[in-house]
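One structure is given below, encoded as structure tokens.
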Protein chains: 2
Amino acid sequence: MIDVAIELIAERGVRDFSVAEASRRLGVAPSAPYAHFSDRDELLAAVTVRAYQSLFGEMQPAIEGITDPGERLAAMASAFVRFAATNRALFSVLYESGVDKADHPEIESAEQPLARAILGAVRALTPGSDLQSDNLATAVEATARGFALLLLDGDFGSGAGAIERAADQTARATKALIDGRHMLAGPTGEN
Amino acid sequence: MIDVAIELIAERGVRDFSVAEASRRLGVAPSAPYAHFSDRDELLAAVTVRAYQSLFGEMQPAIEGITDPGERLAAMASAFVRFAATNRALFSVLYESGVDKADHPEIESAEQPLARAILGAVRALTPGSDLQSDNLATAVEATARGFALLLLDGDFGSGAGAIERAADQTARATKALIDGRHMLAGPTGEN
DNA sequence: GTCTATACCCGGATAGAC
DNA sequence: GTCTATCCGGGTATAGAC
């Protein structure tokens with residue numbers, strides 16, 4: 001069921017995904033899924049959990065063996081962008097499902113490994129300052145997500161090299177942010 | 001009509017916006033709007049045009065008087081993030097309407113002033129290298145968009161200071177990218 | 001666990017009169 | 001330009017039998 005849902009989401013987007021159509025594709029009655037998921041949102045929540053697992057699963061090999069924290073963080077950002085392009089459906093579910101995380105605690109626990117990995121690398125780069133760590137993490141997340149969206153919007157072209165170009169630029173931008181991390185906190189309002 | 005549409009989008013999101021509901025709210029028949037817009041997409045296209053005008057309109061005062069190109073670019077990024085928070089509906093229409101720009105040339109011309117402004121500031125920062133200019137512009141766009149989304153997702157808190165915190169961090173991150181702009185192009189695959 | 005059937009909601013869009 | 005009426009499609013979710 002979940003697999004079919006992902007397939008469908010890839011074709012029509014999360015917002016236009018319907019339980020009915022998924023049932024049709026599975027060759028079962030429209031009511032069948034409701035025996036397993038109480039409603040549409042619960043099904044989408046299950047897909048979201050898988051999305052986080054999948055994302056983390058692709059990120060791990062991308063950073064293993066990299067010891068420099070800066071390189072690690074850049075590799076994570078790159079992997080994130082690649083994931084978005086390679087798994088559009090799962091990526092879109094992460095941010096566009098419209099499902100309230102607060103209603104589905106499974107989601108929040110599924111995203112923890114990822115959060116932990118990011119925080120680990122960031123902490124190593126900004127020792128002693130939790131504020132700076134938070135700011136750097138946020139900046140990298142924003143940048144990676146932005147690059148992913150630009151890539152999906154076709155801003156890097158639609159050809160073969162698009163993904164690699166985007167991933168490369170993401171890594172470079174991440175390193176630029178790391179280089180300038182001291183500017184993320186400091187004078188003017190002491191955030 | 002357009003005003004009501006914006007109001008509605010603010011409440012239910014672009015994807016769930018319906019011409020029928022807008023008509024109801026205006027107190028007219030569901031078919032009335034179709035005398036002015038051939039279909040739902042054309043109405044959304046009109047809203048999108050207004051969104052770009054509005055965005056550019058808010059950006060101009062935010063940068064007037066700033067001569068340093070770096071400061072200008074940072075101010076633009078900040079203004080973008082503020083715009084997203086202050087005009088959720090218009091911001092969401094920019095990226096989530098599902099309307100194909102290619103089908104509505106009005107949109108493409110409406111975004112030109114903005115593109116021009118960005119390119120102007122970026123060019124001044126990377127004289128002589130169109131590649132570097134493009135890369136910097138892309139990185140800044142990605143970052144600003146990412147920060148805007150994090151802000152809308154509540155990652156900066158929901159209180160009063162959230163917008164300013166996000167805008168401030170956006171400006172700082174933008175400056176960090178500018179500082180490291182030389183790293184956005186160069187060795188390894190010569191993008 | 002799955003079926004059939006059903007109740008109920010919604011939307012887009014058109015035709016033709018005023 | 002707006003109305004009424006209508007046709008078409010779609011989806012969520014439940015009830016009750018097998």
Side-chain angles (χ1 to χ4, degrees), chain A residues 1-51 88-90 92-107, chain B residues 1-51 88-90 92-107:
Chain A
M1 177 76 220
I2 294 181
D3 291 322
V4 175
I6 294 172
E7 194 180 295
L8 232 173
I9 291 169
E11 292 169 23
R12 334 205 312 194
V14 207
R15 289 335 270 230
D16 291 339
F17 158 81
S18 80
V19 179
E21 171 71 20
S23 306
R24 232 170 285 142
R25 203 165 289 203
L26 270 171
V28 301
S31 64
Y34 290 95
H36 306 272
F37 304 95
S38 68
D39 59 13
R40 183 177 176 275
D41 276 13
E42 198 150 302
L43 170 53
L44 284 179
V47 176
T48 308
V49 167
R50 176 168 299 192
R88 264 189 116 103
L90 293 179
S92 75
V93 146
L94 291 182
Y95 301 112
E96 300 163 21
S97 75
V99 177
D100 191 345
K101 288 181 184 180
D103 297 341
H104 302 269
E106 335 116 51
I107 297 180
Chain B
M1 178 73 221
I2 293 181
D3 291 322
V4 175
I6 293 172
E7 195 181 294
L8 233 173
I9 291 169
E11 292 170 23
R12 333 206 312 195
V14 208
R15 291 331 271 231
D16 291 340
F17 159 80
S18 79
V19 179
E21 172 70 21
S23 305
R24 233 170 284 142
R25 204 165 287 203
L26 270 171
V28 302
S31 62
Y34 290 94
H36 305 272
F37 305 94
S38 68
D39 59 13
R40 182 177 176 276
D41 276 13
E42 198 150 303
L43 170 52
L44 285 179
V47 176
T48 308
V49 167
R50 176 168 300 192
R88 266 188 115 104
L90 293 179
S92 75
V93 146
L94 291 182
Y95 301 112
E96 300 164 21
S97 74
V99 177
D100 191 346
K101 289 180 184 180
D103 297 340
H104 303 268
E106 335 116 52
I107 297 180

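All chains are named by letter (A, B, ...) in the order of the sequence lines, taking the proteins before the strands, and each is independently numbered beginning at 1.
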Next on the checklist: Using only atom types and a distance under 3.5 Å, with no angle test, would you say the side chain of Arg12(B) pairs donor to acceptor with the backbone of Ser18(B)?
Outcome noted: no
Checklist entry - Is a donor on one side and an acceptor on the other found under 3.5 Å between the side chain of Arg50(A) and the backbone of Asp3(A)? => result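 Side chain of Arg50(A) to backbone of Asp3(A), a donor-acceptor pair under 3.5 Å: no, none is there.
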Checklist entry - If you measure from OG1 on Thr48(A) to NZ on Lys101(A), what distance do you get to the nearest 0.5 Å? => result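 Those atoms lie 8.5 Å apart.
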Next on the checklist: Tell me which residues in residues 34-42 of chain A lie within less than 4.0 Å of DNA chain C, going by non-hydrogen atoms.
Outcome noted: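 Heavy-atom contacts with DNA chain C come from Ala35(A), His36(A).
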Write out a two-atom table: protein N or O, nucleotide N or O from nucleotides 4-6 of chain C, distance below 3.5 Å.
from   : atom 1 : to       : atom 2 : distance (Å)
dT4(C) : O4     : Ser31(A) : OG     : 2.8

Rounded off to whole Å, could you give me the [atom1]-to-[atom2] distance for the [X] and [N] pair?
{"X": "Leu43(B)", "N": "dG12(C)", "atom1": "CG", "atom2": "P", "result": "10 Å"}
{"X": "Leu26(B)", "N": "dT2(D)", "atom1": "CG", "atom2": "P", "result": "10 Å"}
{"X": "Arg25(A)", "N": "dG10(D)", "atom1": "CZ", "atom2": "P", "result": "14 Å"}

Compare every heavy atom of [Y] with every heavy atom of [X], then report the nearest pair and how far apart it is.
{"X": "Val14(A)", "Y": "Ser97(A)", "result": "CG1-CA, 3.6 Å"}
{"X": "Ala29(B)", "Y": "Pro33(B)", "result": "O-CD, 3.5 Å"}
{"X": "Pro30(A)", "Y": "Val19(A)", "result": "O-CG1, 4.5 Å"}
{"X": "Asp39(B)", "Y": "Tyr34(B)", "result": "CA-CE2, 4.0 Å"}

Item to check | Base-paired stems that DNA chain C participates in, counting runs of 3 or more Watson-Crick or G-U pairs under 3.5 Å | outcome: C:1-18 with D:1-18
Checklist entry - At under 4.0 Å between heavy atoms, what does Arg15(B) touch on the DNA or RNA strands: base, sugar-phosphate, or nothing? => result nothing
Next on the checklist: If you apply the rule side chain to side chain contact (heavy atoms under 4.5 Å, CB included), what do you find for Asp41(B) with Asp100(B), and how did you get there?
Outcome noted: CA-CA 9 Å; Asp41(B) 276 13; Asp100(B) 191 346; over 6 Å; no
Next on the checklist: Does dC10(C) have its OP1 or OP2 closer than 4.0 Å to a side-chain nitrogen or oxygen of Arg24(B)?
Outcome noted: no
Item to check | Glu7(A) and Arg25(A) ion-paired at < 4.0 Å | outcome: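 Arg25(A) and Glu7(A): salt-bridged.
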Checklist entry - Heavy-atom count around Arg15(A) CZ within 6.0 Å, excluding the residue itself: above 12? => result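 Counting other residues, nucleotides and ligands, CZ of Arg15(A) exceeds 12 neighbours.
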Item to check | Identified side-chain contact (heavy atoms from CB on, under 4.5 Å) partner of Phe17(A) from the options Ile6(A), Val93(A), Leu43(A), Val47(A) | outcome: Leu43(A)
